[in-house]
Amino acid sequence: MLTLKSKQLIFFKVSINLYDVKEIIIFDKVSKTYNLGLGKKNIPVLFDISFKVKRGEIFGFVGPNGAGKSTTIKLILNLIYPDKGDVLVFGVKPDDAKIRKNIGYLPEIPAYFDYLTPEELAWFSGRIAGLSDKEIRERCDELFSRLFFEEHRKKKIKELSKGNAQKAGIIATFLARPKLLILDEPMTGLDPIGRKLVSDLILEFKDKGHTIFLTSHILSDVERLCDSFAIINHGKIKYSDSKDNLIKAGRNLEAIFYEVIGLKNNH
Amino acid sequence: MIRRVYPFIKITFLEGIRNKIASGIIIFSLVSMLSNVIIINLAAQDVGKIAIDFALSSFSLSGLFLILLGCGSSLYKDIDRKTISLVLSKAISRHEYILGKFFGYLLTLFFVLGLSSIIGLLTLYFIKLSHPKHFVAPFSGIFLGYIFSFLSSILILCVLIFFSSITTSSFTAMLLTIMIYFIGNSIGELRDFAESQAAIQAGFPPVFKKILLVVHFIVPDLAKLDLKIFSANGLPIPHDFIIFSVLYGIIYCAILILLSMKAFERREFV
């Protein structure tokens with residue numbers, strides 16, 4: 001039996017872990033194979049991948065389609081479980097729902113609730129994260145106006161275009177100001193103005209100390225926004241470095257990306 | 001915990017009642033009650049009995065449609081279109097997801113079927129006024145018939161949630177739920193027949209009898225929640241039958257929800 005004192009100590013330890021860890025995400029030799037059921041072939045997706053995302057940085061995670069990016073995100077969010085290795089988020093295993101109060105996730109495909117309005121989607125995210133209705137209203141006012149999205153505030157999500165549905169998702173993700181943002185292709189479907197607005201939002205959150213895990217196929221965006229990068233291909237981390245080292249070496253991410261995946265970039 | 005799940009219950013409910021299926025069910029109720037008025041005018045006798053039977057059957061069908069098409073399509077979007085990733089990426093545990101879905105759908109059923117039952121009861125009241133001599137059944141029994149039919153719908157909802165938690169395709173879950181609905185409506189009678197003297201005399205194999213007993217134990221006996229005969233004939237409903245049936249329904253639902261939570265615990269959302 002745990003005494004009250006030891007329970008308090010454990011709580012204290014967890015609190016310290018959540019907010020004071022230097023590495024917000026740690027992948028340590030993680031492997032994952034999808035078991036698709038009887039009569040279907042198992043599909044190995046990740047092979048011993050290791051990387052760390054430091055607190056307050058924007059970490060770019062790039063790779064071609066099917067490389068293992070979405071699987072990695074699902075492991076961070078505890079939607080799937082690793083076969084081998086450890087995944088730590090805020091220093092603990094991601095199976096505790098409470099730590100996800102500090103996580104904001106923007107999915108690649110905006111499959112939201114069709115009959116809700118962007119405002120209701122934001123309310124849902126805010127309330128789950130523990131915000132009051134007043135706080136949600138105030139933050140909604142700010143974000144809807146920043147993304148020039150006021151006119152769509154009360155429309156049903158299913159009536160919105162792909163880009164506008166993406167904006168609804170972005171507002172819902174950023175609203176609770178989570179300590180860790182996982183943005184899976186945040187620029188998908190956005191026009192150049194939308195991309196600029198979202199880039200500014202990401203950089204502003206970084207300046208305020210939030211950690212951002214970003215995947216994108218737009219390598220120029222990744223290079224411009226991120227402090228460090230990892231390139232994944234065929235389920236293995238092929239390259240990982242900081243932007244500073246990249247600049248020092250006089251190289252750019254796009255060239256390294258094509259080199260790593262074995263494509264010649266003649267132009 | 002309810003405070004944490006409340007936002008999820010609310011959005012599930014909003015999705016449920018804004019879905020076109022919900023308004024379709026209300027229209028279906030209106031049309032079927034209009035048909036009820038027309039049909040009883042063709043009946044020479046037993047007007048009340050036919051009207052009540054028709055109203056309760058149509059209500060039961062409304063519940064089934066709402067669960068399969070409304071809740072089923074919503075679960076389809078969650079699982080097949082991966083909206084579930086969005087919900088589970090938030091501070092909602094998998095147990096809370098199941099509870100949130102259940103209570104959200106329960107409120108949707110309560111709202112839509114509530115409206116449907118008001119339409120049905122008003123129609124029956126109108127029929128009673130126009131045929132006072134042929135409508136002897138008390139409204140208390142009819143009202144109880146509606147409540148029990150609602151309970152039966154909740155049970156089917158739990159069956160759908162359970163199958164959605166153990167299958168990877170929501171379509172399979174819907175098919176299995178339909179299967180359980182039909183078996184559940186006839187399993188009680190089949191078991192009674194298997195245990196009767198008539199079955200023994202007809203040479204009904206004992207193996208089949210055992211199989212039926214096992215199936216009866218597993219599949220919900222929906223006949224226990226069907227009060228149509230009592231309501232339509234104005235028969236008094238025994239208190240012990242009411243208590244037993246309500247307890248049966250609640251316990252069965254609780255078991256299904258607990259099993260769904262357990263199955264969901266280690267499920268992967270690829």
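First the proteins, then the strands, lettered A, B, ... as listed; each starts at 1.
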May I ask you to test the A:Phe113-B:Leu86 pair for a side-chain heavy-atom distance under 4.5 Å?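 Of all side-chain heavy-atom pairs linking B:Leu86 with A:Phe113, at least one is under 4.5 Å.
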
Residue pair A:Tyr115 / B:Leu14, side-chain heavy-atom distance below 4.5 Å: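 With C-beta onward as the side chain, the pair stays apart.
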
Check step by step if salt bridge (charged side-chain N to carboxylate O under 4.0 Å, His left out) holds for B:Arg18 and A:Glu120. CA-CA 13 Å; B:Arg18 285 176 189 168; A:Glu120 286 164 344; 2.7 Å; yes

Value rounded to 0.5 Å, distance of [atom1] in [X] from [atom2] in [Y]:
X: B:Ile11; Y: A:Trp123; atom1: CD1; atom2: CH2; value: 8.0 Å
X: B:Ser89; Y: A:Ile76; atom1: OG; atom2: CD1; value: 11.5 Å
X: B:Arg266; Y: A:Asp95; atom1: CZ; atom2: CG; value: 8.0 Å

Side chain, backbone, both or neither: which part of B:Asp78 has a heavy atom under 4.5 Å from chain A?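 The side chain, not the backbone.
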
Quick check: does any side chain N or O of A:Arg100 sit under 3.5 Å from a backbone N or O of B:Ile92, one acting as donor and the other as acceptor?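 Pair found, side chain donor or acceptor close to backbone of B:Ile92.
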
For A:Tyr81, does its backbone N or O pair with a side-chain atom of B:Glu268 as donor and acceptor, under 3.5 Å?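 Present.
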
Does A:His234, at its NE2 atom, have more than 12 non-hydrogen atoms belonging to other residues, nucleotides or ligands within less than 6.0 Å?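 No, not enclosed.
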
Could you tell me if A:Ser125 and B:Lys90 have a donor-acceptor pair between their side chains, going purely by distance under 3.5 Å?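 There is such a pair between these side chains.
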
Measuring heavy-atom distances to chain B, does [X] have an atom under 4.5 Å in its side chain, in its backbone, in both, or in neither?
X: A:Lys74; result: side chain
X: A:Tyr34; result: side chain
X: A:Ile109; result: neither
X: A:Asp114; result: both

Counting heavy-atom pairs closer than 4.5 Å to chain B, which one of A:Ile80, A:Ile182, A:Leu77 comes out on top?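 Between A:Ile80, A:Ile182, A:Leu77, the count favours A:Ile80.
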
Taking B:Lys10, B:Lys82, B:Arg4 one by one, which has the highest count of heavy-atom pairs under 4.5 Å against chain A?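 Between B:Lys10, B:Lys82, B:Arg4, the count favours B:Lys10.
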
Counting heavy-atom pairs closer than 4.5 Å to chain A, which one of B:Val87, B:Thr168, B:Thr83 comes out on top?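 Among the listed options, the one with the most contacts to chain A is B:Thr83.
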
Distance under 6.0 Å and angle within 45° of the ring axis: does A:Arg127 meet both against B:Tyr6?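 Judged by the rule (NZ or CZ under 6.0 Å from the ring centre, within 45° of its axis), A:Arg127 is not positioned above B:Tyr6.
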
At their closest point, which heavy atom of B:Ser93 faces which heavy atom of A:Ala97, and how far apart are they?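 For B:Ser93 and A:Ala97, the tightest heavy-atom pair comes out as N-CB, 3.8 Å.
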
